[in-house]
Structures are given as structure tokens and as C-alpha cells.
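Below: one structure, written as C-alpha cells.
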Amino acid sequence: MAIIRLAVVLFIVEAVFYVMISVYLRSTKTEALEEEWDRRHPERAGDSPERRTFVQRSMTGFRKTLKARLVALVFVVPTIAIVAIAWFVNVQ
């Protein structure tokens with residue numbers, strides 16, 4: 001029963017970190033794209049429908065990038081570490 005509780009708590013903590021990191025990465029990418037728009041179009045700097053369209057189109061491919069996919073390691077690395085530690089402790 002303890003292992004099930006550990007798995008549930010671990011999954012919840014990993015999910016929270018996954019969401020936080022994903023939101024952070026998306027916001028930094030969005031900010032960079034907004035700055036790029038302002039740099040390219042200084043006469044139309046600031047919030048505009050064209051800028052929102054540019055950012056939205058540029059963000060469509062972001063989920064497929066390596067940076068966005070590496071966030072999934074938040075689920076894999078701690079789980080493997082806990083399983084390895086448990087295995088080493090029980091072997092001895």
C-alpha cells in the first residue's frame with residue numbers, strides 16, 4: 001500500500017512541476033517572439049492583431065521542439081532515480 005501512495009504522490013508532484021516548467025517555457029518563448037516582432041517592426045511595436053497572429057503562428061511548432069519535449073523528462077528521471085535507489089537499498 002505504501003508503494004501506491006508513493007507512486008500517486010510522486011505523479012502529482014511531477015505533474016505540478018511539468019505544468020510549471022511548461023508554462024515558463026511557453027511564456028519565455030512568447031516574450032522572445034514579441035520582442036522579435038517589435039525589433040522587426042518598430043513602427044508597429046506594442047500589442048496589435050498582427051503581432052498576436054505572428055506569435056500564435058510561431059508558437060504552433062513549439063510543442064514539437066526538443067526543448068518542449070525534454071520537459072517530459074520531469075516524469076522519467078525522478079521515477080528512475082527512486083526505482084534505482086529502492087532497488088539498491090533492497091539488494092543490500
Report task. Using side-chain contact (heavy atoms from CB on, under 4.5 Å) as the criterion, list what pairs up with Val13, not counting sequence neighbours. Result -> Val9, Phe17
Query raised in the report: If you group Ile, Leu, Val, Met, Phe, Trp and Tyr by side-chain heavy-atom gaps below 4.5 Å, do Ile80 and Val74 land in one group?
Result: no
Report summary line: Residues Arg51 and Asp47: closest non-hydrogen pair is NH1-N, 3.7 Å
Indicate every side-chain donor-acceptor pair of residues 58-65 with a distance under 3.5 Å to a residue at least two apart or in another chain.
| residue | atom | partner | partner atom | Å |
| --- | --- | --- | --- | --- |
| Ser58 | OG | Phe54 | O | 2.9 |
| Thr60 | OG1 | Arg57 | O | 2.7 |
| Thr65 | OG1 | Phe62 | O | 2.7 |
| Thr65 | OG1 | Ala68 | N | 3.4 |

Query raised in the report: Atom CD1 in Ile21, atom CG in Leu25: separation rounded to 0.5 Å?
Result: 7.5 Å
Query - Side-chain heavy-atom pair Trp37, Val55 within 4.5 angstrom cut-off - result: no
Query raised in the report: When rounded to the nearest 0.5 angstrom, what is the spacing between CD in Glu35 and OG1 in Thr30?
Result: 11.0 Å
Query raised in the report: Do Leu10 and Ile3 share a hydrophobic cluster (ILVMFWY, side-chain heavy atoms under 4.5 Å, transitive)?
Result: yes
Query raised in the report: Which value, rounded to the nearest 0.5 Å, describes the distance between Thr79 atom OG1 and Leu73 atom CG?
Result: 11.0 Å
Report task. State yes or no: do Leu70 and Val76 share one hydrophobic cluster built from I, L, V, M, F, W and Y residues joined by side-chain heavy-atom distances below 4.5 Å, directly or via other members? Result -> yes
Query - Rounded distance [0.5 Å steps], CZ in Arg69 versus NZ in Lys67 - result: 15.0 Å
Query - Pairwise distance CG(Asp38) to CD(Glu43) - rounded to 0.5 angstrom - result: 10.5 Å
Query raised in the report: When you check the gap from the basic side-chain N to the acidic O, do Glu36 and Arg40 get nearer than 4.0 Å?
Result: yes
Report task. Kindly work out whether a path of hydrophobic side-chain contacts (I/L/V/M/F/W/Y, heavy atoms less than 4.5 Å apart) joins Ile4 to Leu6. Result -> yes
